[in-house]
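Predicted model, so just to flag it, every value in this text is computed and none were measured. Atom set for the values below is all heavy atoms of this structure, side chains included, hydrogens, waters and symmetry mates excluded. So that the names make sense, note that chain A is the first sequence line, chain B the second, and so on, each numbered from 1.
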Number of protein chains: 4
Amino acid sequence: MSSTPQPRRGNTRQRIQDVALELFAEQGYEKTSLREISEKLDVTKAALYYHFKTKEDILASIFEDLNRPVEDLIVWGREQPRTLETKKEILARYSDALTKAAPLFRFMQENQATVRDLSIGATIKGRILGLVDLIRDPEAPIIDQVRCFSALFTMHAGMFALKDVDGDPEDKRKAVLEVAVDLVTQAHAPGSDQ
Amino acid sequence: MSSTPQPRRGNTRQRIQDVALELFAEQGYEKTSLREISEKLDVTKAALYYHFKTKEDILASIFEDLNRPVEDLIVWGREQPRTLETKKEILARYSDALTKAAPLFRFMQENQATVRDLSIGATIKGRILGLVDLIRDPEAPIIDQVRCFSALFTMHAGMFALKDVDGDPEDKRKAVLEVAVDLVTQAHAPGSDQ
Amino acid sequence: MSSTPQPRRGNTRQRIQDVALELFAEQGYEKTSLREISEKLDVTKAALYYHFKTKEDILASIFEDLNRPVEDLIVWGREQPRTLETKKEILARYSDALTKAAPLFRFMQENQATVRDLSIGATIKGRILGLVDLIRDPEAPIIDQVRCFSALFTMHAGMFALKDVDGDPEDKRKAVLEVAVDLVTQAHAPGSDQ
Amino acid sequence: MSSTPQPRRGNTRQRIQDVALELFAEQGYEKTSLREISEKLDVTKAALYYHFKTKEDILASIFEDLNRPVEDLIVWGREQPRTLETKKEILARYSDALTKAAPLFRFMQENQATVRDLSIGATIKGRILGLVDLIRDPEAPIIDQVRCFSALFTMHAGMFALKDVDGDPEDKRKAVLEVAVDLVTQAHAPGSDQ
DNA sequence: CATGAATGAGATTTCATTCAT
DNA sequence: AATGAATGAAATCTCATTCAT
């Protein structure tokens, strides 16, 4: 006896987030239906709505949880002197954050159009600009500003685009970080483009 | 009479592609419905099906048309000697191609998850790898390979992410190209990371 | 052969309105689902959406069609001299209109709370006030204004509440009209309440 | 300590009824969800189920409580001689009852379709017929019976429809009552319509 | 006296697609 | 070259209700 009624554990909310992120990252936000999520969790769709107000809310909650380190990083960065050393440290920490929440960032990378007009869209844009502003100098020549953007793109895209290149993941991560650091270093040097 | 230049005559197919691309780029592929497209064109949904077999087919046809220059570029590139000069030329031509079909590439950039499992997904991946392989050396140290990827990411993302930075678009384009060229140049130099 | 595919006649829109009104009047607006309507018509739910944008739109279209006579009556009434004779004629014509579109008016009578915050709510309120203003004199003593309201309520409610009283429907209709006429006559007489 | 008059103590049942009636009257029965009620009370939905068996039961309990005076009135009326004086008194008392439980009666007025097939539907119909039977004479000409119905409709609808007419509420109430009394007086007079 | 967690049923709506005309 | 009418499948979401604790 007591076969079917599984012991409703208190971690359902977390499990929803986990499964949702997994599917969102795999298939995209719109192609992932709540039915799919609930079936994978073996609960009803309505159960999702007990824990989250909307589908969008599920994503928002995931983002808020997993993006915290980046937020903290920005806050930290703003308090530091704007030296090259600081910038390198920021890149290093960011690389770390990206790696730790890889599925979220992969998702954001691959679903920009979708995410753009979700409620988190504005937030995300803000975070990215916040980051860029820690490493670029708005007075610098355009090319140096591009280098700073490029450093971030490289880290973002590098995480996922290098899957097909073989080599140890940690090595690849370091290589990506190094390229980013190079770019920022060049951008930081005065008269960098002569 | 009939001085109003009734612009429908055989060009419906083209108009569908134009409107579709505009909406796909603006809102994303899934959030753009055939109803929306047909309403903007002032035809019925069924008319779309006279010209295209499926929604996906509309996108595929757009891609095929607008991506041709890139395809040609790859073919051309393969016939050239693998010198730094060639690589620079490829980047320059690619920059040009990206600019000329900006909405398409913006769309691809922002809808990766969607595009990935559409029929064009594999094609796209192939094109990108084809491009990368024109400029990177698979025997080179990982960091140089990353630089090559980075050069391409920079051009892709640079097109759209720099909208908020002020400055003349053509200047920005040149700056982006220069950064990409720098990256490839560094990657090309033997012993680039010592 | 040719058994199932019924010859899609061009009157589906009308049939939807008919069935919808019938069910709305019988069960109320909210308790009538689109599933129910479509099943009774032997079409799919989606077919309803080909003809109407929303559930509310179905009701609105019914209202617009069937309420036209009342609208015309108000227009007509406004052009007449504000004599007792005119008022009597208005009541007579209104009684007629109510009878001819009985299900609609029964529905409105019994679903006031629902209808109130549908898009037609404001319209309906306007029509009723338009009617009242044809027969009451805003300068008259309150009691006479009440008599005018009462005349209208009587006709509205009388239509449906008298079902249980036996007698010929046409006789009942005449009796209701007569009571309404009496009320308005009393209200019209100067010094009616001494 | 404990000076703040913690108002929850055994009165939850009452508070549920109050809030429920308020929302039912404002928005209608179906458009008011138990979630809404419980949120407004700052308790959980499950708490409602501790006090009431079903949503319908909440309404039924409200009705039973607030309709008692009407019930008593009917009982009292049945013991009185069927004189005009008695009828007038009944109308006066009914007017009073309607005013005292205005939200309930407004609710019933505006949600007839809903209430009709709830369990209280039959009860309500019974009460109304009970009232009508105190003032009409089933042997009288139809027109006089209509006058009696009309007197009641007038009181019911008058309560809410006159909101837009300006004037002191108590004055309006008296005017409505007077019209009703007039109607019943006319109905009572033998040979009233010659 | 009440909550936290969940369910089953069902609602409205949207979409890509089809096909006779 | 295109339309009018419809469909089947699915999506998101809401609701009244239950029950162990």
Enquirer: Check this for me, if you would: do Lys40(D) and Glu36(D) make a salt bridge, where the nitrogen-to-carboxylate-oxygen distance has to be below 4.0 angstrom?
Expert: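 Not counted as a salt bridge, because no side-chain N and carboxylate O are separated by less than 4.0 Å.
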
Enquirer: Looking at Tyr49(A), I'd like to know whether one of its side-chain N or O atoms comes within less than 4.0 Å of OP1 or OP2 on dC13(F).
Expert: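 Answer is yes, contact under 4.0 Å.
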
Enquirer: Judged by each residue's nearest nucleotide on DNA chain E, which is more toward the 5′ side, Val43(D) or Arg13(A)?
Expert: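 With Arg13(A) and Val43(D) compared, the 5'-side residue is Val43(D).
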
Enquirer: For Tyr29(B) and Glu56(B), indicate whether the former's side chain and the latter's backbone hold a donor-acceptor pair under 3.5 Å.
Expert: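 Yes, Tyr29(B) side chain to Glu56(B) backbone: donor-acceptor pair under 3.5 Å.
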
Enquirer: Nearest-Å distance, CZ (Phe52(D)) to C1' (dT18(F))?
Expert: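 Interatomic distance, CZ of Phe52(D) to C1' of dT18(F): 18 Å.
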
Enquirer: How long is the span from the CG atom in Leu23(D) to the CG atom in Asp18(D), to the nearest 0.5 Å?
Expert: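 The CG atom of Asp18(D) is 11.0 Å from CG of Leu23(D), to the nearest 0.5 Å.
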
Enquirer: Name the residue closer to the 5' end of DNA chain F, choosing between Tyr50(C) and Lys55(A) according to the nucleotide with the nearest heavy atom.
Expert: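 Residue closer to the 5' terminus by nearest nucleotide: Tyr50(C).
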
Enquirer: Return no unless some side-chain N or O of Thr12(C) is found under 4.0 Å from OP1 or OP2 of dA6(F).
Expert: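 For dA6(F), OP1/OP2 do have a side-chain N/O of Thr12(C) under 4.0 Å.
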
Enquirer: Can you check the Asn11(A) CG to dG4(E) P distance for me, whole Å?
Expert: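 It works out to 17 Å between those atoms.
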
Enquirer: Return the value, rounded to whole Å, for the distance between atom CD of Gln14(C) and atom C1' of dA5(F).
Expert: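 Rounding to the nearest Å, CD of Gln14(C) and C1' of dA5(F) are 17 Å apart.
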
Enquirer: With a 3.5 Å distance limit and no angle check, can you tell me whether Arg116(A) reaches the backbone of Glu26(B) through a side-chain donor-acceptor pair?
Expert: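 At least one qualifying donor-acceptor pair exists.
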
Enquirer: Take the protein atom CG of Asp57(B) and the nucleotide atom C1' of dA16(E), then report the distance between them rounded to whole Å.
Expert: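 Checked: the CG to C1' distance equals 13 Å.
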
Enquirer: When the distance from CD1 of Ile58(B) to P of dC15(E) is rounded to whole Å, what number comes out?
Expert: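 Computing the Ile58(B):CD1 to dC15(E):P distance gives 14 Å.
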
Enquirer: Rounded to the nearest angstrom, tell me the gap between atom CD in Glu39(C) and atom P in dA11(E).
Expert: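 Computing the Glu39(C):CD to dA11(E):P distance gives 9 Å.
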
Enquirer: Does Gln112(C) reach the main-chain N or O of Gln109(C) with its side chain, forming a donor-acceptor pair under 3.5 Å?
Expert: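 Present.
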
Enquirer: Between His51(C) and Lys45(D), just flag the one whose closest nucleotide in DNA chain F comes earlier from the 5' side.
Expert: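 With His51(C) and Lys45(D) compared, the 5'-side residue is His51(C).
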
Enquirer: Of the nucleotides dT17(E), dA2(F), dG8(F), which one has an atom closest to the side chain of Thr44(C)?
Expert: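 Closest nucleotide among those given: dG8(F).
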
Enquirer: Tell me which residues in residues 18-36 of chain D put a heavy atom below 4.0 Å from DNA chain E, sorted by number, or none.
Expert: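 By residue number: none to list.
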
Enquirer: Just the rounded figure in Å: distance from C1' of dA5(F) to CG of Leu41(C).
Expert: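 Atom CG in Leu41(C) sits about 14 Å away from atom C1' in dA5(F).
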
Enquirer: Enter the distance from Leu118(B):CG to Phe63(B):CZ here, rounded to the nearest 0.5 Å.
Expert: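 These two atoms lie 11.0 Å from each other.
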
Enquirer: Paired stems touching DNA chain E, three or more consecutive Watson-Crick or G-U pairs with both distances under 3.5 Å?
Expert: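 Stems found: E:2-21 with F:2-21.
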
Enquirer: Enter the distance from Gln27(B):CD to Asn111(B):CG here, rounded to the nearest 0.5 Å.
Expert: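 It comes to 11.0 Å.
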
Enquirer: Could you measure the distance from the CG atom of Leu34(A) to the NZ atom of Lys45(A)? Nearest 0.5 Å is fine.
Expert: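 Leu34(A) CG to Lys45(A) NZ: 8.0 Å, rounded to 0.5 Å.
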
Enquirer: Testing Asp57(A), Ile16(A), Val43(A), Ile58(A) one by one against His51(A) for a side-chain contact (heavy atoms from CB on, under 4.5 Å), which residue passes?
Expert: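 Single pass found, and it is Ile16(A).
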
Enquirer: Output the rounded distance in Å from CD1 (Ile37(A)) to P (dC13(F)).
Expert: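 Going from Ile37(A) (CD1) to dC13(F) (P), I get 11 Å.
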
